[in-house]
Amino acid sequence: MADLHIPAMIERAAQRDPSAPAFRRKQDGAWVDVPWKDVQPRIAAIAAGLLTAADLPDGARVSIIGNTTMDWVILDFAAMSVGLQTVPVYASLLPEEVGFMHADPQVRLVVAENAAQVAKVRAMRGGFRFFEKEYGADQVPLLGRIVVVDPTGLEPADDWESLADLEARGVARLPELREEMARRLAKVQRSDIATFTYTSGTTGPPKAVIQTHDNMLSLVENIEEVDIFGPAVREGGLFLFLPLAHSFGRLIELAGPYFATPLVLSSVPTLAADLLGSRPGFLPAAPRVYEKMKGKVDGGVAASPPVRQKIFAWAIGVGKETIPYVTTGQPLPAWLAFRRAIADKLVFSKVRAKMGLDRCAVLLSGSAPLRADVHEFFLALGFNLIEAYGLTETCPGLTANRPGRMKIGTVGQPIKGVTIKVADDGEVLAKGPNITSGYLNRPDATGEAFDADGWFHTGDLGSVDSENFLTITGRKKELFKTSFGKYIAPVKIEARLKAVSFVQEAVLIGDGHHYCVALFSLDPENFGEWAQREGIPAEPGHARVRQVIEAHVAAVNGTLASFETVKYFEVVPGPFSVDGGELTASLKVKRKVVSTKYAHLIDDMYARKAPGAE
């Protein structure tokens with residue numbers, strides 16, 4: 001029977017086996033399991049503490065500003081267990097962005113990770129300006145004090161209290177509050193709002209996507225059929241380093257308890273070390289993570305003796321021969337299985353162990369297109385890398401490849417309960433129980449996203465083949481037209497342009513122009529290592545950098561229509577970043593910001609002699 005709401009699912013998970021691990025985390029240098037019997041009392045105590053922190057009405061909204069931690073997840077579960085609605089906020093956002101995400105949904109109580117986040121809350125409380133609109137202090141109607149998870153470095157003040165103090169107060173008052181807590185939970189229905197997740201806001205103010213208990217539970221219930229949460233995954237655990245303000249992270253947060261699998265907690269800065277230490281069974285990540293991993297391996301091979309390079313090249317060749325069998329669920333022929341076993345013993349097993357992925361049963365890629373060469377590389381190494389697709393509005397899944405049933409270059413087939421179709425103009429449309437009903441306070445945007453027949457317009461362009469595999473070709477809003485009237489979808493071209501180990505991002509430009517040009521940013525870590533191997537200074541403007549990118553651009557141009565080809569390119573002086581404004585908190589490129597910030601480089605490229613574009 002389906003769970004009534006998310007708290008019921010959490011309770012079921014805890015009662016199924018109280019001694020089973022809910023979390024796995026690093027503590028004093030060692031990885032330790034935290035069982036449900038220790039977690040459930042904390043959920044109850046924090047829930048009681050939240051109700052004593054302020055006079056919160058039923059269904060009040062509580063924000064959580066911070067990075068992914070065990071406390072973040074427990075706070076989320078605790079708030080929902082008494083019918084509160086959570087508003088997750090990225091730790092990397094600026095004070096005015098944080099302010100908007102509190103004024104828009106009328107957040108009543110704030111939970112902040114540390115002193116840096118408290119400073120943002122204090123700043124927004126005095127009013128702020130966001131997208132040319134002024135917000136006064138009265139438009140951020142917070143109640144009570146800021147709840148601070150880690151108060152290190154904070155001077156005592158009347159406007160904050162620690163999570164530890166709130167939890168202790170909750171323990172003390174729990175007996176008297178149990179009836180009130182039960183009353184609030186009894187009012188919660190599966191159709192009620194559980195949380196609001198903000199979109200990236202690449203072209204305007206972010207939109208709060210309404211996500212109900214039904215939306216979120218429907219997805220975890222229906223992805224069971226994708227068959228990626230087996231015994232090996234349960235043993236190793238779900239590696240969770242993704243931000244919990246992102247729907248991809250929230251999916252993993254809920255998949256843990258639903259599939260009786262511990263959440264292995266990590267962070268972006270400690271990702272590599274934590275993989276080695278925890279050796280998880282499941283790794284969900286954006287394609288950029290897999291690109292960087294491939295770059296690391298490629299760099300290590302390039303720096304090794306010629307004999308080892310030849311052995312690796314032979315092994316990868318053997319691995320790629322297995323792909324047609326692996327992707328269709330067919331057994332390997334005896335001759336190939338024998339060669340594959342040798343390649344695995346000599347090369348692949350060692351590479352997987354060096355990554356900390358020697359017992360990882362599934363790798364999941366989502367949130368952006370996965371390059372075909374990266375996908376093939378991981379499949380060749382023996383990894384079960386699954387590419388899936390969805391949006392914040394779909395919590396966040398729509399389609400997925402399956403183990404033994406995948407097509408490289410596609411995002412797979414619809415998940416159970418989801419229906420996909422492609423409109424006459426190429427836009428991907430969808431229906432399903434996991435899809436939002438709309439955006440908070442944005443009837444205009446909701447009206448644009450849903451048509452009269454109830455189809456959600458994803459904004460993505462794509463096609464569906466005879467076996468119902470979906471291929472995404474680009475974003476409808478990012479489609480641009482050259483001055484010759486040719487339409488170009490930049491995303492797929494940019495994915496190819498990025499296929500250089502030290503390149504971070506590639507941005508294609510050409511709207512209203514005779515021809516296309518591109519801007520490249522370099523990955524600091526990979527670029528530094530590459531430059532060291534090349535024996536050159538790590539300077540983006542170095543002639544060798546330009547030579548390598550130029551050769552790669554020429555190779556990519558050979559696969560494109562003439563009007564899509566890149567005629568000129570420039571390398572920007574530094575990497576794109578959230579702080580620099582070029583990336584959203586979910587690391588998507590802000591095209592308008594890039595075009596404005598580097599307008600001088602773009603103008604220079606278009607001031608050169610036109611190379612005879614169509």
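In this chain, residues are counted from 1 in sequence order.
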For the residue pair [X] and [Y], confirm or rule out a side-chain donor-acceptor distance under 3.5 Å.
{"X": "T195", "Y": "Q211", "answer": "no"}
{"X": "E387", "Y": "S365", "answer": "no"}
{"X": "N67", "Y": "Y90", "answer": "no"}
{"X": "E221", "Y": "Y258", "answer": "no"}

Check your understanding: Quick one: side chain to side chain contact (heavy atoms under 4.5 Å, CB included) partners of S466, sequence neighbours excluded?
Key ->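 S466: no side chain to side chain contact (heavy atoms under 4.5 Å, CB included) contacts found.
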
Review point. What residues form a side chain to side chain contact (heavy atoms under 4.5 Å, CB included) with I223, not counting sequence neighbours?
Key: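 I223 satisfies side chain to side chain contact (heavy atoms under 4.5 Å, CB included) with L219, V226, F229, L251, F259, I415 once adjacent residues are dropped.
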
Practice item. Sequence neighbours left out, what pairs pass side-chain hydrogen bond (donor to acceptor under 3.5 Å, both in side chains) with at least one residue falling in residues 369-386? Key: R371-D373

Check your understanding: side-chain hydrogen bond (donor to acceptor under 3.5 Å, both in side chains): which pairs involve residues 272-287, sequence neighbours left out?
Key ->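 Only S266-D274, T270-D274, R279-D358 qualify under side-chain hydrogen bond (donor to acceptor under 3.5 Å, both in side chains).
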
Check your understanding: Looking at residues at least two apart in the chain, or sitting in another chain, which of them share a ring pair (Phe, Tyr, Trp, His ring centres under 6.0 Å) with F480?
Key -> none

**Study point:** K567 charged N/C atom sitting above Y515 aromatic ring, 6.0 Å / 45°
**Key:** no

Point to revise | Carboxylate-amine/guanidinium proximity below 4.0 Å for E427 and K476 | key: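 The answer is yes: the pair qualifies as a salt bridge.
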
Exercise for review: Could you tell me whether K416 and E225 make a salt bridge, using a distance below 4.0 angstrom between a side-chain N and a carboxylate O?
Suggested key: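 Looking at E225 together with K416, the answer is no, because their closest N to O distance does not fall below 4.0 Å.
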
**Study point:** Criterion side chain to side chain contact (heavy atoms under 4.5 Å, CB included) against L385, the qualifying member of I408, L283, L370, V362
**Key:**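 Only one of I408, L283, L370, V362 forms a side chain to side chain contact (heavy atoms under 4.5 Å, CB included) with L385, namely L370.
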
Check your understanding: Do F239 and F282 have ring centres separated by under 6.0 Å?
Key ->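 They do not qualify: ring centres at least 6.0 Å apart.
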
Exercise for review: May I have the step-by-step check of side-chain hydrogen bond (donor to acceptor under 3.5 Å, both in side chains) for Q413 and R405, ending in yes or no?
Suggested key: CA-CA 9 Å; Q413 298 165 311; R405 183 158 43 108; 2.5 Å; yes

Check your understanding: Just by distance, do the side chain of H552 and the backbone of R496 share a donor-acceptor pair under 3.5 Å?
Key -> yes

Point to revise | Set of side chain to side chain donor-acceptor pair (under 3.5 Å) partners for E321, sequence neighbours left out | key: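 R339.
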
